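Naming: A, B, ... by sequence-line order, numbering from 1 per chain. Model, not experiment: these values are computed from the prediction.
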Amino acid sequence: MILQLAIRNLLQKPLNTLLSWVLLTVSVGIISMLLLLQEQFEKQFTGNIKDVDMVIGAKGSPLQLILSAIYHIDAPTGNIKYAKAKKWMQHPYVEKAIPLAYGDSYKGYSIVGTTKGYLEKYGAEIQAGKLYKNDFEVVAGYSLAKKLQLQTGSHFYSTHGTDEHGEEHDKAYIVTGILQPSGTVIDNLLIGNIESVWKIHEHHHDDEEAVNAAHDESHHSDDDHHDKELTAVLLKLRNPMGNVQLPQMINSQTNMMAAVPAMEMNRLFSLMGIGVDTLQYVSWGIMALSALSIFISLFNSLKERKYELALMRTMGARRADLLTLLVLESIVLCVAGFIAGLLLSRLTIWALSGSFESNYHLKIQPWTLKAPGDMQLLGLTLLLGVLAAAAPAVKAWFINISETLAHE
Amino acid sequence: MLQTRELRFAYSPVVSFHFPDIYCNAGEVLLITGASGKGKTTLLHLLAGILTPSQGTIVIGNTNIAKLNGKRSDAFRGKNIGIVFQQSHFVQSFNVLENLLLAQWLSGNKRDGVKATAMLEQLNIASQADKKTTKLSQGQQQRVSIARALINEPRLILADEPTSSLDDEHCMQVARLLQEQSARSKAALVIVTHDQRLKNIFQHSIQLV
């Protein structure tokens, strides 16, 4: 009955209640959304750099190299000579090296020429069809295949560069298989052998070579691998010493660049963190405002309801009943705000998840219940409710019934 | 049913009251009159257990309520005393019927919609059961507050100036209603008032001087 009365009292002042509720909903919504996004971002990002201690690529921005080589959400920094990279791939510190040749795309999705080691690293399994065997055969990642409606046997023409309107190559790729969903970056990649990428670009080199021929007669006599280029190499190192020494050696001794993914991602997270933190402070502020709003409306209504509360005491209500009533009013509001806030955060993420997936190849799962911090957030919201109701409740506790009744 | 002895109450050393002994049987009506400032409301609050006397005893049934502490006093009041106030006040966010149910619940009784509706019917306001109390006329409000005072079948009904804001016709109605209903539930009825009209209706009266 007290709960019923609390709810009725809230509804009795719909505008006050609405204000407090909206403020709470928005603040809880933003905080919960940030927590959820942050966790899923980091999980996805760190999941993908598993077993990659270092990336070698052309000189440029190390962050760009990581974003392009591992996540395929940025343009490559350029190409490196296979012959030169090979030297480092066989370095004694290196346990495993996966060469990557990318830069072409189909409808915005990267085509990656690599070795089988790449698929093994992500534990990729074939869902339909079979693995690529020959040149110009690829397997398609699960999400990409679904979105572009690729099937085993589909043909497509790749374009140069990563945007959709690049120059089209005239050799068709054929899809031999679709991969099972892995929750990693390969869900959104087309993966084939390196030779395909090399071959598709051969005529470009022929053009260049024709131009260069006049300047450099010895060009054609170079060894077979001279012109073979890679975009990046993913390295797994044998020991932590290599993490420190190898990048230094590569960066100072060669015209290639070595970047450590863990370091670059930490840098990225801390950059993003500034924005996330700011937004979080703002929403804590809104939350404090909503507590203030609850406090003010309870306190104001207490003046009007003083007689009503005294009246309840004459009907047998204990002091504790009045205390419970006021705290309940605040708590009910807070719980309603919390639930609406969680719903809001999930809805927002759900609405955004499409664009996350197509723009950043990030799969965000909005309908999760065990998001981090939700329980703490609930606890905090309830605490806030109790705090906001504390002063009015104490005031109600000490209402002098006789005086209140006599002076009305 | 109700008996007080040597009742004293002091707001301060200067403002203090010494009340005459009061006696009222079940089913009887006692009128307490007096000019303002003579302690009428103070006496009513003492009898209701809202104030604690500085001296003396108030026995209702077999209980000396002057000796009850906070929680037990609240419980006793809810169960045994029904109060009708001069201005009819209600819990605003509840409708008429819910106000009666709240009174039942606060007194520790079961919420009994059938009984509450029957009570409203007795007082001829059953048709207003779903309305908010603020939507009722003054006469209707007074009836609801009588219904609320009676709903838990209290042993003592206290009425504080129940008729002072009513015209002659309504005054008679309310007086008769209070008398009827308290007789029906065999409760002692104590009316505190300065309304001279009531003196003509009720024989037992005590004047505070």
List the steps, then state whether salt bridge (Lys or Arg N to Asp or Glu O under 4.0 Å) holds for A:E308 with A:R313. CA-CA 9 Å; A:E308 190 174 304; A:R313 289 291 307 280; over 6 Å; no
Walk me through whether B:D195 and B:S164 qualify under side-chain hydrogen bond (donor to acceptor under 3.5 Å, both in side chains). CA-CA 6 Å; B:D195 191 342; B:S164 57; over 6 Å; no
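Residues from residues 110-148 of chain B that place a non-hydrogen atom less than 4.5 Å from a non-hydrogen atom of chain A comprise B:R111, B:K132, B:R148, given in numerical order.
Neither the backbone nor the side chain of A:L11 comes within contact range of chain B, judged by heavy atoms closer than 4.5 Å. Within the 4.5 angstrom heavy-atom criterion, no atom of B:Q104 approaches chain A. Proximity to chain A (any heavy atom under 4.5 Å) is restricted, for B:F90, to the backbone atoms N, CA, C and O. Looking at A:L309, neither its backbone nor its side chain comes within 4.5 Å of chain B, counting heavy atoms on both sides. Contact of B:A103 with chain A is made through backbone and side chain together, with heavy-atom distances under 4.5 Å. For a residue to count as touching a neighbouring chain, one of its non-hydrogen atoms must lie under 4.5 Å from one of that chain's; by this rule A:Q4 touches chain B with backbone and side chain alike. Interface residue A:L311: only side-chain heavy atoms are found under 4.5 Å from chain B.
Between A:L326 and A:L302, some side-chain heavy-atom pair lies under the 4.5 Å cut-off. Proximity of B:T4 to B:L47: side-chain heavy atoms (C-beta onward) are separated by under 4.5 Å at one or more points.
Other residues, nucleotides and ligands contribute only 12 or fewer heavy atoms inside 6.0 Å of the NZ atom of A:K306. The number of heavy-atom neighbours closer than 6.0 Å to CD of A:Q280, taken from other residues, nucleotides and ligands shown, is above 12.
Among B:V91, B:L101, B:I50, the residue with the largest count of heavy-atom pairs under 4.5 Å with chain A is B:V91. The greatest number of non-hydrogen atom pairs below 4.5 Å with chain A, out of B:G78, B:S93, B:P154, is found for B:S93. Of all the listed residues (A:R305, A:M315, A:M312), the one sharing the greatest number of non-hydrogen pairs under 4.5 Å with chain B is A:M315. Between chain A and the residues B:T41, B:L44, B:L102, B:I83, the largest count of heavy-atom pairs under 4.5 Å involves B:L102.
Ring-plane geometry between B:F17 and B:Y11 is classed as perpendicular, the angle between the planes exceeding 60 degrees on a 0 to 90 degree scale with a lower cut at 30.
For the 3.5 Å distance criterion, the side chains of A:R346 and A:S32 qualify, holding a donor opposite an acceptor. Between the side chains of B:H194 and B:E161, at least one donor N or O lies within less than 3.5 Å of an accepting N or O. Side chains of A:S293 and A:S20: a donor-acceptor N/O pair is present below 3.5 angstrom, by distance only.
Panel note: side chain B:D21, backbone B:E6; a donor-acceptor pair is recorded below 3.5 Å.
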